[in-house]
Amino acid sequence: MLKLFRRLGPYAPSIAAVLVLVFAQSIADLSLPTLMSDIVDEGIATGDIPFIWRTGGWMLLLALAGIATNLVGGYLASRAALGFGRELRSSIFRRVTSWSLDGIDRFGAASLITRTTNDVTQVQQVLFMMLRMMAMAPIMAIGGLIMAVSKEPELAWMLAVAIPVLVAAIAAIAAKGLPLFTTIQRKLDTLNRVLREKLSGIRVIRAFDRVAYEQGRFEEANRELTEVTLKVNRLVSLLFPFVMLVMNLTTIAIVWFGGLAIDSGGVKIGSLMAFIQYSMQIMFSVVMVSVIFIMVPRASASALRINEVLETGDSILDPDRPAAPPARSGRVEFRNVDFGYPGAEEMALRGVSFVAEEGKVTAIIGSTGSGKTTVLNLIERFHDVSSGAVLVDGVDVREYRQAELRARLGYAPQKAMLFSGSVADNLRFGADAADDAALRRALSVAQAVDFVDGMEGGLGAAVTQGGTNVSGGQRQRLAVARAVARDPSIYLFDDTFSALDARTDARLREALKAETAGSTVIMVVQRVGTIVDADRIVVLDEGRVAGIGTHAELLAGNEVYREIVQSQLSAEVEA
């Protein structure tokens, strides 16, 4: 947690002000019992009315000052804690968005969401409590002890017995609670993951009638989280009754022995009242510390999880000395590329070499798992090659600044992801400056004008999160339009036409051919019919290049390609 709190630098003035106000409030609170005892012993006992009014006035001023410092200190502590939480969430978001896909896969979406929300909230809350309670507790405890001993030293032995007992109980509970709080956060990750899977896969779950099974998964995750939380709460619930028992027994002992001392004339009534109040302040300070110790273990577990994210560097970094941006020709070259995913037993690509030229369409085809999408990911530099090189416009992609590299690319992913907003917002995702005319041209190329015009609002029509208010084919066409609107020198289409019917597919490819005449087009496909007129076809088989050529050349001389064609023709005949 200390590592995390090093980021509190911008809030140092507010924190310093809070500590000063806490100190002032503590002094005011510590002074009140002494003034009260003076009124009883020196004012009421002697009938000195002016002294009572004068001392009572000071008590009133101190009480008002305590209220004012409490309000201002609470406001500043809230600002510091909430601001710190805001900065933490922003830092986590910036860190995660800078990662390669490997970093995101390592933690998982559900865990990252929990760390950004629940974990940050835990740290934020404990920071506020520390500024308000932990800063005050030592002052009140030490100050109260000094004042109590100075008032009635012969009764101080009771505090020497009670305080160590409370401290030992708090330490024991805190030691047992820390591992359980860490477990709670992991169980919360699991619950979030199960819930997220259920919500995102609701169509599949219902289609396969697995609602009851998923309900069971959720109930199990929920039960495990509940059991651990109850265990922690049972442990913590032992503390407060014990604290109250010690406080009440201490009060009884003070009254008993103090009463005997008053009867013998050794203690004044006002001093005994002040001693009781100081004892309560000391005990209450111990209670405040116990509350902090209850919260700190869970916040410490959350802080460790947040630090894991913030300290995880990205494996994909911009070079210290990036290459000067070359002219945009659109040429893409793979030179003997090997690549393996982290933790995988086998390489996804082995010895892959090919060239995609400007003004030509290069298609990549192969069986499932042959590495087609991986090729596009390497061009985008979502991953770095294990060996070999990927060159764009004659420069290794690792020598580019990532922003400069991706500015040359227009990407339509395998899963057509749309974002909440309007149609125009989605099309301008990579082309902020595109006007409505450019957007309509992109929609025309993607064969999407008709259905967009049919939506209420046209370009301003609302698109829900993930594009769930449009069909799969419409999402794919909007994804193609988004890539076209960027006007890149290299187009990357990852099986982007799979949801289109043959007629729409043909029209779209014809429009794309005219639109991308001066650009490089690399498309991953499953259907042979989509690439029969491609300038070059790269056939992948188990991560290796099994052949390169035109449709006719490969059909005549490449066994792997011929098998793909025959399998699709057979499926069409059977259908």
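Computation of the quantities below employed the complete heavy-atom set of this structure, encompassing side-chain atoms and omitting hydrogens, waters and symmetry-equivalent molecules. Along the sequence shown, residues are numbered consecutively beginning with 1.
In this structure, the side chain of Arg406 engages the main chain of Glu380 through a donor-acceptor pair within 3.5 Å. A distance-only check finds a donor-acceptor pair linking the side chain of Thr496 to the backbone of Ala412 [under 3.5 Å]. In terms of modelled atom types and a separation under 3.5 Å, the side chain of Asp318 and the main chain of Gln402 share a donor-acceptor contact. Judged purely by atom type and a 3.5 angstrom limit, Asp396 has no side-chain atom pairing as donor or acceptor with the backbone of Ala389. Side-chain N or O atoms of Asn377 include none that pairs as donor or acceptor with a backbone N or O of His383 at under 3.5 Å. Without hydrogens or angle criteria, Asp393 side chain to Gly330 main chain gives a donor-acceptor distance under 3.5 Å. Put simply, the side chain of Thr190 never gets that close to the backbone of Ala221: no donor and acceptor are under 3.5 Å apart. Using a distance-only test at 3.5 Å, with no hydrogens or angles considered, a donor-acceptor pair links the side chain of Arg475 to the main chain of Gly467. Checking side-chain atoms of Arg408 against main-chain N and O of Ile490 turns up no donor-acceptor pair under 3.5 Å. Checking side-chain atoms of Asn118 against main-chain N and O of Thr114 turns up no donor-acceptor pair under 3.5 Å.
Rounded to the nearest 0.5 angstrom, Lys187 NZ and Leu180 CG are separated by 11.5 Å. Taking CE of Met136 as the start and CG of Asn70 as the end, the distance is 6.5 Å to the nearest 0.5 Å. Atom CD of Gln25 and atom CE of Met140 lie 8.0 Å apart (nearest 0.5 Å). Distance CG/Leu112 to CG/Asn192: 11.5 Å, rounded to 0.5 Å. From Thr97, atom OG1 reaches atom CH2 of Trp99 across 10.0 Å, with rounding to the nearest 0.5 Å. Rounding to the nearest 0.5 Å gives a distance of 5.0 Å between CZ of Phe218 and CG of Leu191.
Of all heavy-atom pairs spanning Val123 and Ala303, the tightest one is CG2-N, 4.0 Å. In terms of heavy atoms, Tyr278 sits closest to Leu30 at OH-O, 2.6 Å. Nearest heavy-atom pair, Ser26 versus Ile139, reported as atom, atom and distance to 0.1 Å: CB-CG2, 3.4 Å. Nearest heavy-atom pair, Gln124 versus Gly85, reported as atom, atom and distance to 0.1 Å: OE1-CA, 3.4 Å. Listed here is the closest heavy atom pair of Ala80 and Leu127: O-CD2, 4.3 Å. Gly73 approaches Val18 most closely through the heavy-atom pair O-CG2, 3.8 Å.
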For this session: Give the C-alpha distance, both sets of side-chain angles, the deciding distance and a yes or no for side chain to side chain contact (heavy atoms under 4.5 Å, CB included) between Asp119 and Ile92.
Result: CA-CA 11 Å; Asp119 285 326; Ile92 294 172; over 6 Å; no
Exercise. Going through the distances and angles, do Leu478 and Asn426 end up as a side chain to side chain contact (heavy atoms under 4.5 Å, CB included)?
Worked result: CA-CA 8 Å; Leu478 288 176; Asn426 276 275; over 6 Å; no
For this session: Apply the test side chain to side chain contact (heavy atoms under 4.5 Å, CB included) to residues Leu310 and Arg7: give CA-CA distance (whole Å), side-chain angles for both, the deciding distance (0.1 Å), then the verdict.
Result: CA-CA 11 Å; Leu310 297 178; Arg7 298 172 174 266; 3.5 Å; yes
Exercise. After noting the C-alpha distance and the side-chain angles of Leu443 and Leu427, does the key distance pass the side chain to side chain contact (heavy atoms under 4.5 Å, CB included) rule?
Worked result: CA-CA 9 Å; Leu443 289 172; Leu427 298 185; 3.7 Å; yes
For this session: Step by step, work out the salt bridge (Lys or Arg N to Asp or Glu O under 4.0 Å) result for Arg223 and Glu227.
Result: CA-CA 6 Å; Arg223 177 182 53 77; Glu227 287 177 353; 3.1 Å; yes
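The shortest side-chain heavy-atom distance between Phe128 and Leu82 does not fall under the 4.5 Å cut-off. Using a 4.5 Å heavy-atom cutoff, the side chains of Val470 and Met455 are in contact. Considering only heavy atoms from C-beta on, Val480 stays 4.5 Å or farther from Val445 through its side chain. In this structure, the side chains of Arg79 and Ser14 stay at 4.5 Å or more apart for every pair of heavy atoms. Under the 4.5 Å side-chain criterion, counting only non-hydrogen atoms from C-beta, Tyr400 is not in contact with Arg381. When side chains are defined from C-beta on, Tyr213 does not count as touching Phe208, because their heavy atoms never get closer than 4.5 Å. In this structure the side chain of Asp494 reaches within 4.5 angstrom of the side chain of Tyr411, judged on heavy atoms. The side-chain heavy atoms of Asp189 and Phe107, taken from C-beta on, include no pair separated by under 4.5 Å.
Atom CD of Glu311 has more than 12 heavy atoms from other residues, nucleotides or ligands within 6.0 Å. Sparse packing is recorded around CZ of Phe284, with 12 or fewer heavy atoms of other residues, nucleotides or ligands lying under 6.0 Å away. The local environment of CZ in Phe382 is crowded, with over 12 non-hydrogen atoms from other residues, nucleotides or ligands closer than 6.0 Å. At most 12 non-hydrogen atoms from other residues, nucleotides or ligands lie less than 6.0 angstrom from CZ of Phe93. Remark: Phe429 CZ is loosely packed, at most 12 non-hydrogen atoms of other residues, nucleotides or ligands lying under 6.0 Å away. Surrounding CZ of Arg196 are at most 12 heavy atoms belonging to other residues, nucleotides or ligands under 6.0 Å away. Annotation for Lys231: atom NZ does not count as buried by contact number, only 12 or fewer foreign heavy atoms lying within 6.0 Å.
Side chains of Asp425 and Ser422: a donor on one and an acceptor on the other come within 3.5 Å. Looking only at atom types and distance, the side chain of Arg115 has a donor-acceptor partner in the side chain of Ser111 under 3.5 Å away. For Gln215 and Glu219, the side-chain atoms include at least one donor-acceptor pair closer than 3.5 Å.
Of the charged side-chain nitrogens involved, none lies within less than 4.0 Å of a carboxylate oxygen, so that Arg441 and Asp435 do not count as a salt-bridged pair. Asp495 has no carboxylate O lying under 4.0 Å from a charged side-chain N of Lys372, or vice versa, which leaves the two without a salt bridge. Residues Arg217 and Glu214 are paired through a salt bridge, judged by an N-O separation under 4.0 Å between the basic side chain and the carboxylate.
Partner Leu492 forms a side chain to side chain contact (heavy atoms under 4.5 Å, CB included) with one of Ile379, Val375, Val524 and no other, that one being Ile379.
Ring orientation note: the planes of Tyr341 and Phe339 are nearly perpendicular, at an angle over 60° on the 30°/60° scale.
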